[in-house]
Amino acid sequence: MKLFFFATSFIVMSFTLGQTMKSISQKDFNKAMGSWKGSLTYLDYKSGKPYTMPANIVVSINTKVQNEIILEYIYPNEPNANGKDTLKIKKNGTMLNKATVFSINTMRDGTIQIITDEKGEDGNDNRKAILRHTYSFNNSKFTNRKEVQFIGTDKWIQRNEYVFYK
C-alpha cells in the first residue's frame, strides 16, 4: 500500500514539476499593433441569434504604463458605443487582466494565439461562468473571440467575435 502511495505521489509530482507556466509579454502583441477594420458578431441572448455589425480597432502600447496594451474599439454605425479596453499583463505574464493565460502558441503561418480563462458572470441573468478569450493575430488578420461556459454545463457558447483585417 505504501508503495502505491509513493508511486502515485511521484507521478503527480513529476507531472506538476514538468508543467511550465504559460506566460506572455508585451512583445507577443507586436503583430497586433496598428489600425484594423472589420466586424463584431455577437450572440443576442434574447433572440438566440447572432448579430453582425461593422467594427474597427486601433491596438497600441500604453507608453505611460509598462505591460499595457490599449484596444480602442470604433463602431462606425454606432459611435456612442466606441470605447477603450486595456489589457494588463500581470504576474510575470501569467495573467492578462484578471484572466489566467491558458496557452500561447505560434501557428505554422506565424499567427500568435493567446487563450485566457477566468471565472465571471455572463448572460442577461448574470449567471456564473468561465469566460474564455482567444486572441489570434498575424500581419494581416486579428481576431478576438469570447466564449462562455456556464457553471454546471459542459457546453461552450461563442458570445462574440471580432474579426479585423489590415
Side-chain angles (χ1 to χ4, degrees), residues 12 15-16 18-26 28-29 31-33 36-62 65-107 111-138 141-165:
V12 170
F15 179 75
T16 303
Q19 296 292 311
T20 56
M21 295 281 291
K22 307 297 184 213
S23 66
I24 58 173
S25 70
Q26 192 169 307
D28 290 318
F29 287 88
K31 291 182 180 180
M33 297 299 147
W36 302 80
K37 293 183 183 278
S39 63
L40 162 63
T41 301
Y42 65 88
L43 177 63
D44 180 353
Y45 278 145
K46 285 185 180 182
S47 70
K49 296 182 180 181
Y51 177 77
T52 301
M53 59 189 270
N56 302 323
I57 193 169
V58 177
V59 182
S60 61
I61 292 172
N62 187 342
V65 179
Q66 189 175 12
N67 291 324
E68 287 190 359
I69 292 98
I70 299 170
L71 306 176
E72 182 179 355
Y73 292 96
I74 303 155
Y75 303 98
N77 297 342
E78 295 185 38
N80 291 337
N82 292 353
K84 289 184 181 180
D85 280 340
T86 302
L87 300 178
K88 298 175 184 178
I89 300 169
K90 301 177 179 180
K91 295 193 177 185
N92 295 320
T94 62
M95 302 286 289
L96 190 58
N97 293 342
K98 295 178 183 177
T100 300
V101 176
F102 182 73
S103 73
I104 178 169
N105 293 300
T106 302
M107 307 303 180
T111 298
I112 304 289
Q113 182 185 65
I114 298 169
I115 301 174
T116 66
D117 280 357
E118 70 178 297
K119 292 182 180 177
E121 296 178 347
D122 198 68
N124 295 337
D125 52 356
N126 296 318
R127 290 173 51 197
K128 292 187 184 296
I130 298 171
L131 310 175
R132 175 169 288 167
H133 289 271
T134 303
Y135 305 90
S136 299
F137 41 86
N138 57 35
K141 185 178 180 183
F142 172 45
T143 63
N144 176 357
R145 182 175 60 241
K146 177 183 175 184
E147 297 171 290
V148 176
Q149 183 185 54
F150 291 107
I151 301 301
T153 70
D154 59 358
K155 182 180 176 184
W156 286 94
I157 299 167
Q158 184 170 307
R159 179 67 167 123
N160 62 49
E161 182 175 45
Y162 289 92
V163 179
F164 302 108
Y165 298 94

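- Residues satisfying the side chain to side chain contact (heavy atoms under 4.5 Å, CB included) test with N97, not counting sequence neighbours, are L87, K88.
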Tell me which donor-acceptor pairs under 3.5 Å the side chains of residues 66-81 have, and how far apart each pair is, sequence neighbours excluded?
residue : atom : partner : partner atom : Å
E68     : OE1  : N62     : ND2          : 2.8
Y73     : OH   : N144    : ND2          : 3.2
Y75     : OH   : Y162    : OH           : 2.6

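- R145 is linked by a salt bridge (charged side-chain N to carboxylate O under 4.0 Å, His left out) to E147, E161, counting only residues two or more places apart in sequence or in another chain.
- For D28, there are no salt bridge (charged side-chain N to carboxylate O under 4.0 Å, His left out) partners two or more places apart in sequence or in a different chain.
- No more than 12 heavy atoms of other residues, nucleotides or ligands lie within 6.0 Å of CG in N92, so this atom counts as exposed by the packing criterion.
- Residues that satisfy the salt bridge (charged side-chain N to carboxylate O under 4.0 Å, His left out) test with K31, not counting sequence neighbours, are absent from this structure.
- The side chain to side chain contact (heavy atoms under 4.5 Å, CB included) search around T106 returns I112, not counting sequence neighbours.
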### Message
The test is side-chain contact (heavy atoms from CB on, under 4.5 Å); show your working for F29 and V59 and say whether it passes.
### Response
CA-CA 9 Å; F29 287 88; V59 182; 5.8 Å; no

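- In this structure Y42 satisfies the ring-ring contact (aromatic ring centres under 6.0 Å, His included) test together with Y51, sequence neighbours excluded.
- For T52, the side-chain hydrogen bond (donor to acceptor under 3.5 Å, both in side chains) partners two or more places apart in sequence, or in a different chain, are T41.
- Contacts classified as side-chain hydrogen bond (donor to acceptor under 3.5 Å, both in side chains) and involving residues 124-137 (residues at least two apart or in different chains) are given here: D117-R132.
- Y45 is linked by a ring-ring contact (aromatic ring centres under 6.0 Å, His included) to nothing, counting only residues two or more places apart in sequence or in another chain.
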